[in-house]
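Only one structure is covered here, and it is reproduced in the block below.
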Amino acid sequence: MKRKRVGVLISGRGSNMAALMQAARDPHYPAEIVHVVSNRADAPGLATAAAAGLSTAVISHRDFASREAFDTALNDHLQQQALDLIACAGFMRIMTPALIRPWAGRMINIHPSLLPLYKGLHTHERALADGAKTHGCSVHLVSEELDGGPVIAQAAVPVKPGDTAETLAARVLVEEHKLYPVALALLATGAFRPPGKPS
Ligand code: GRF
């Protein structure tokens, strides 16, 4: 099977992107990471990608007058890369239909909660404030509802006595790095089929 060409969108550290890159070093992995785009020029993940020989680009949202204008430019750029799939990895932007629709069923995101719990920001703080006993992460298709698309895979961790948002985030992040390559492979092989898509 031909490996799927994947573009990764980041805004910062890029540790999930690095986990995908690591998985894709295996020639049997069904996807290859071919391009990385950051909306922030100072994202540390850009150096990680460049050091691995990946092509990178910075498209700053600050250069555009509206969310739609930024998303249109980003989509135009992504369309030029001959990508099959997009993986958002700490891409801290609320996306509009201008970016979401062209990639429907082909764009995924990792979110640090057990969706549908704790959509949006500050997930670890909110889980602790609720006294949750279990927390975790999800990989889902990107849909027009924020953090609301169909879930592909999830991983759970225990919340331990004395946890802070930092200790809990670190425990979840270990699972994110394992989960994201698995979920991307499920989509790349067709093992996960978006709801409503005939087999
Ligand atoms: C991760 O926790 C991810 O789930 C969330 O933002 C964080 C990004 O971390 N969306 P990194 O940039 O992948 O290291």
Side-chain angles (χ1 to χ4, degrees), residues 6-25 31 33-52 54 56-61 71 74 85-96 99-100 103 107-129 132 134-159 163-187:
V6 178
V8 181
L9 304 184
I10 64 170
S11 297
R13 180 175 58 181
S15 69
N16 279 290
M17 172 203 72
L20 295 178
M21 288 163 51
Q22 178 63 34
R25 284 196 185 104
I33 311 303
V34 296
H35 188 60
V36 174
V37 181
S38 173
N39 66 309
R40 293 188 175 275
D42 60 357
L46 283 170
T48 310
L54 292 185
T56 63
V58 175
I59 302 179
S60 173
H61 56 281
D71 282 359
L74 177 53
L85 303 171
I86 306 281
C88 301
F91 182 57
M92 303 303 286
R93 296 285 304 168
I94 293 174
M95 292 180 263
T96 66
L99 179 58
I100 295 170
W103 297 97
M107 180 188 271
I108 59 178
N109 180 48
I110 187 154
H111 184 75
S113 77
L114 293 172
L115 291 171
L117 296 174
Y118 309 121
K119 297 175 181 178
L121 297 175
H122 310 301
T123 59
H124 310 301
E125 288 86 343
R126 287 155 62 202
L128 286 173
T134 306
H135 188 44
C137 52
S138 307
V139 177
H140 63 94
L141 283 177
V142 173
S143 74
E144 290 180 34
E145 185 197 344
L146 180 67
D147 299 326
V151 170
I152 299 172
Q154 294 182 305
V157 301
V159 179
D163 261 341
T164 63
E166 288 72 30
T167 60
L168 185 54
R171 193 174 307 124
V172 171
L173 192 65
V174 170
E175 299 306 317
E176 292 186 41
H177 295 163
K178 292 187 263 183
L179 184 72
Y180 212 175
V182 171
L184 175 60
L186 289 173
L187 185 66

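First listed ligand is number 1; within each ligand, the first listed atom is number 1.
- Under the rule for a side-chain hydrogen bond (donor to acceptor under 3.5 Å, both in side chains), the partners of N39 that lie at least two apart in sequence or sit in another chain are S11, H61.
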Requested in this report: Using the side chain to side chain contact (heavy atoms under 4.5 Å, CB included) rule, take R40 and M92 through it: C-alpha gap first, then chi angles, then the decisive distance, then the call.
Outcome: CA-CA 10 Å; R40 293 188 175 275; M92 303 303 286; 6.0 Å; no
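- Side-chain N or O atoms of S138 include one that pairs as donor or acceptor with a backbone N or O of S113 at under 3.5 Å.
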N/O pairs closer than 3.5 Å, ligand 1 and protein:
from, atom 1, to, atom 2, distance (Å)
ligand 1, 2 (O), E176, OE1, 3.2
ligand 1, 2 (O), E176, OE2, 3.0
ligand 1, 4 (O), E176, OE1, 2.7
ligand 1, 4 (O), E176, OE2, 3.4
ligand 1, 9 (O), R13, NH2, 3.0
ligand 1, 10 (N), I110, O, 3.4
ligand 1, 12 (O), G14, N, 2.8
ligand 1, 13 (O), S15, N, 3.4
ligand 1, 13 (O), N16, N, 2.9
ligand 1, 13 (O), N16, ND2, 2.9
ligand 1, 14 (O), R13, NE, 2.5
ligand 1, 14 (O), R13, NH2, 3.2
ligand 1, 14 (O), S15, N, 2.8
ligand 1, 14 (O), S15, OG, 2.5

Requested in this report: Any chance you could lay out the side chain to side chain donor-acceptor pair (under 3.5 Å) test for H177 and S15, step after step, and finish with the verdict?
Outcome: CA-CA 8 Å; H177 295 163; S15 69; 2.8 Å; yes
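- L117 CG to Q154 CD: the interatomic distance, rounded to the nearest 0.5 Å, is 8.5 Å.
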Query - Full working for side chain to side chain donor-acceptor pair (under 3.5 Å) between H124 and H135 - result: CA-CA 8 Å; H124 310 301; H135 188 44; 2.9 Å; yes
